[in-house]
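What you see is a predicted model, and the numbers here were worked out from it, not measured in a lab. The basis for the numbers below is simple: all heavy atoms, side chains too, and nothing from hydrogens, waters or symmetry mates. Just so you know, residue 1 is the first one in the sequence shown, and it goes up from there.
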Amino acid sequence: MKRRKNLLIIAGVTLLLTSFVVQASMPVPDLLPFGQLKLDMDETEEASQEEEQISGNSAEESVSENDAETAQDVLNEDAIGSGAIFISDKTAEDYELAYERAKNANWGYTNLGIADVSDNLNIRAIAAEDGRLVGKLPRNAACEVLDADDTWAHIKSGSVEGYVSLDYLLTGVPAKFKAEELAVTVAKVATDSLKVRAEANTDSEVITLVAMGEELEVAAVEGDWVKVLLDNDEVYVSAEYVEVSAELGTAVTMTELLYGQGVSDVRVDVCQYAKEFIGNPYVWGGTSLTKGTDCSGFVMRVFQKYGVKLPRNSRAQANCGTTIKVSEAKPGDLIFYAKGKTINHVAIYIGNGQVVHASSPKTGIKISNISYRTPFKAVRILYD
């Protein structure tokens, strides 16, 4: 009996020890109740999901930031789009204004107007037919339309601001199409005294000098040289010293149409008559003040009205009358220009440092500064 009891005690201790060894060798989670283990797993998965979500948000934020930078880059290129509006710091109104400005931009004009007349369009100080004249807008010249009603347009062109009849002004799409036809590419002189050469090289003959700020009509850009029209001759200037752009003609101020004290009535009348034909065409060999004329034909016909008979070409006209200093010229005197030492162009001095002349096929009869090229000679044929 005692022996049996001892065997049972030994067996129980063995089983107990075996149970402890087995439990000790098992993973720790298996020692936890099932419910607790499930709770910990849920928390772990949620934490993992939260980490993934945070990581995902960071990626989205990174993408968004990159998109914003890219959009800003696009905005810096002046692109306009609904997507760009919402990710930039600009407002929709900013973009609408920018769009309108871009849409309407034509050679620096926002609301372009073109004079649709056969000669000149009067610019008046007030919107009335009896308003004081403040300038003239030559045929095909451009203006900024500041405002308009059914009858009058408030415009600004060059340094002239005033009112013109809307009946004689192209606006909107017709003005833009007309401007495409009329725009002249010019080279604006950006140095004190620009040398104009016969050929595109520094060894070529210097034909004349052109003052800073003067504009020469461009025929072509050829590398380091720009081929320009000097009146009706093709010559060359260094591209380094000019700024090339497209331009439209602008208004003529009344100051440009007036004269100094002590000028005789006949001189004033000659100049006024000559300026009536501003904007009319240049035609080589022509003598019609309305249908087309060249420089000497223009001078000949203007003076013919006043009983002064002049030869047909500019070189012969230069031998008429009395040679004077260019600085002594009065309105109505003739100013001659030369290629080298050969006279090839003539203009009528109108005072205030300006001449009126038939210049080239593209610009026609126009007003220029007397120094738009170096004057060669001045001649007086009117005697007060």
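Closest approach of Ala115 to Leu169, counting heavy atoms only: N-CD1, 4.0 Å. Heavy-atom minimum distance, Ala148 versus Val145: CB-CG1, 4.4 Å. In terms of heavy atoms, Ile123 sits closest to Gly162 at CG2-CA, 3.7 Å. The two atoms that bring Ala316 and Pro311 nearest to each other are CB-CB, 3.5 Å, heavy atoms only. The two atoms that bring Val228 and Ala187 nearest to each other are CG1-CB, 4.4 Å, heavy atoms only. What you find for Cys320 and Val379 is that their closest heavy atoms are O-CG1, 2.9 Å.
In this structure, the side chains of Thr171 and Asn111 stay at 4.5 Å or more apart for every pair of heavy atoms. Inter-residue side-chain proximity for Gln317 and Val299 is flagged as met; some heavy-atom pair is nearer than 4.5 Å. Side-chain contact between Val160 and Leu137: absent, with no pair of heavy atoms (C-beta onward) separated by less than 4.5 Å. Glu234 has its side chain within reach of Leu229: a pair of non-hydrogen atoms, C-beta onward, lies under 4.5 Å apart. Looking at heavy atoms from C-beta onward, Ile367 lies out of side-chain contact with Val355 at the 4.5 angstrom threshold. A heavy-atom distance below 4.5 Å is not found between the side chains of Pro331 and Val270. For the pair Asn120 and Pro138, the minimum side-chain heavy-atom distance is below 4.5 Å. Using a 4.5 Å cut-off on side-chain heavy atoms (C-beta onward), Arg124 and Val134 make no contact.
Thr185 and Glu217 form no side-chain donor-acceptor contact under 3.5 Å, judged by distance and modelled atom types alone. For the residue pair Ser245 and Glu247, a side-chain donor N or O sits within less than 3.5 Å of a side-chain acceptor on the partner. Judged by distance alone, the side chains of Ser314 and His345 never bring a donor and an acceptor atom under 3.5 Å apart. Side-chain contact, Asp233 with Asn344: a donor N or O sits under 3.5 Å from an acceptor N or O.
Contacts of Tyr337 classified as ring-ring contact (aromatic ring centres under 6.0 Å, His included), with partners at least two apart in sequence or in another chain: Tyr372. Annotation: ring-ring contact (aromatic ring centres under 6.0 Å, His included) contacts of Tyr306 (sequence neighbours excluded): none. Looking at residues two or more places apart in sequence or on another chain, you find no ring-ring contact (aromatic ring centres under 6.0 Å, His included) involving Phe303.
Clustering ILVMFWY residues whenever any of their side-chain heavy atoms sit less than 4.5 angstrom apart, transitively, puts Val189 in the very cluster that holds Val221. By the rule that hydrophobic residues join a cluster once side-chain heavy atoms approach within less than 4.5 Å of another member, Ile370 and Ile348 end up as members of separate clusters. Val356 and Met300 fall into different hydrophobic clusters, where Ile, Leu, Val, Met, Phe, Trp and Tyr side chains are chained together by heavy-atom contacts under 4.5 Å. Val266 and Ile324 sit in two unconnected hydrophobic clusters of ILVMFWY residues. Membership requires side-chain heavy atoms under 4.5 Å apart, directly or through other members. By the rule that hydrophobic residues join a cluster once side-chain heavy atoms approach within less than 4.5 Å of another member, Val218 and Val237 end up as members of one cluster.
With rounding to the nearest 0.5 angstrom, the NZ atom of Lys305 is 5.0 Å from the OH atom of Tyr273. Here the CD1 atom belonging to Ile278 is positioned 11.5 Å from the OG1 atom belonging to Thr363, to the nearest 0.5 angstrom. Put simply, NZ on Lys176 and CD1 on Ile114 are 11.5 Å apart, with the number rounded to the nearest 0.5 Å. Atom CD1 of Ile365 sits about 10.0 Å away from atom CG of Asp294, to the nearest 0.5 Å. Rounded to the nearest 0.5 angstrom, Leu166 CG and Asp150 CG are separated by 8.0 Å. For the atom pair OG of Ser296 and CZ of Arg301, the computed distance is 11.0 Å after rounding to the nearest 0.5 Å.
Through chains of ILVMFWY side-chain contacts below 4.5 Å, Trp284 is grouped with Tyr282. Side-chain heavy-atom separations under 4.5 angstrom define the hydrophobic clusters, and the remaining members of the one that includes Trp225 are Tyr236.
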Name each donor-acceptor pair under 3.5 Å that joins a side chain in residues 203-216 to protein atoms two or more places apart or in another chain, with its distance.
residue	atom	partner	partner atom	Å
Ser204	OG	Ala198	N	3.4
Ser204	OG	Glu199	N	2.8
Thr208	OG1	Thr374	N	2.9
Thr208	OG1	Thr374	OG1	3.2
Glu214	OE2	Asn369	ND2	2.8

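In terms of modelled atom types and a separation under 3.5 Å, the side chain of Arg139 and the main chain of Asp116 share no donor-acceptor contact. One N or O on the side chain of Arg380 and one on the backbone of Glu328 form a donor-acceptor pair closer than 3.5 Å. At least one donor-acceptor pair under 3.5 Å links the side chain of Thr293 to the backbone N or O of Phe298. Checking side-chain atoms of Gln354 against main-chain N and O of Ser368 turns up no donor-acceptor pair under 3.5 Å. Formation of a donor-acceptor pair under 3.5 Å by the Glu144 side chain with backbone atoms of Thr110 is found in this model. Here the side chain of Tyr349 pairs a donor or acceptor atom with the backbone of Gly353 at under 3.5 angstrom. Listed for the Ser371 side chain is no donor-acceptor partner under 3.5 Å among the backbone atoms of Arg373.
Arg315 CZ: 12 or fewer foreign heavy atoms inside a 6.0 Å radius. Counting heavy atoms of neighbouring residues, nucleotides and ligands inside a 6.0 Å radius, atom NZ of Lys156 exceeds 12 of them. Counted within 6.0 Å of CD on Glu129, heavy atoms from surrounding residues, nucleotides or ligands total 12 or fewer; the atom is thus considered open. Remark: Asp167 CG is packed, more than 12 non-hydrogen atoms of other residues, nucleotides or ligands lying under 6.0 Å away. Other residues, nucleotides and ligands place no more than 12 heavy atoms under 6.0 Å from the OH atom of Tyr168. Around atom NZ of Lys377, more than 12 heavy atoms belonging to other residues, nucleotides or ligands sit under 6.0 Å away.
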Note to self: Set out, in order, the CA-CA distance, both residues' side-chain angles and the distance that settles side chain to side chain contact (heavy atoms under 4.5 Å, CB included) for Asp147 and Ile155, then state yes or no.
What the structure shows: CA-CA 7 Å; Asp147 194 11; Ile155 70 160; over 6 Å; no
Next item on the list: With side chain to side chain contact (heavy atoms under 4.5 Å, CB included) as the test, would you mind laying out the steps for Val164 and Trp152 before giving the verdict?
Entry: CA-CA 6 Å; Val164 300; Trp152 294 90; 5.5 Å; no
Checklist line | Trace of the side chain to side chain contact (heavy atoms under 4.5 Å, CB included) decision for Arg267 with Leu382 | finding: CA-CA 8 Å; Arg267 287 181 177 274; Leu382 294 175; 4.0 Å; yes
Checklist line | Residues Ile350, Lys275; criterion side chain to side chain contact (heavy atoms under 4.5 Å, CB included); working and verdict | finding: CA-CA 9 Å; Ile350 58 174; Lys275 285 183 288 188; 4.0 Å; yes
Margin query: Quick one, Lys188 with Glu243, criterion salt bridge (charged side-chain N to carboxylate O under 4.0 Å, His left out). Give me CA distance, side-chain angles, the key distance, then yes/no.
Written below: CA-CA 5 Å; Lys188 188 174 183 178; Glu243 298 173 356; 5.9 Å; no
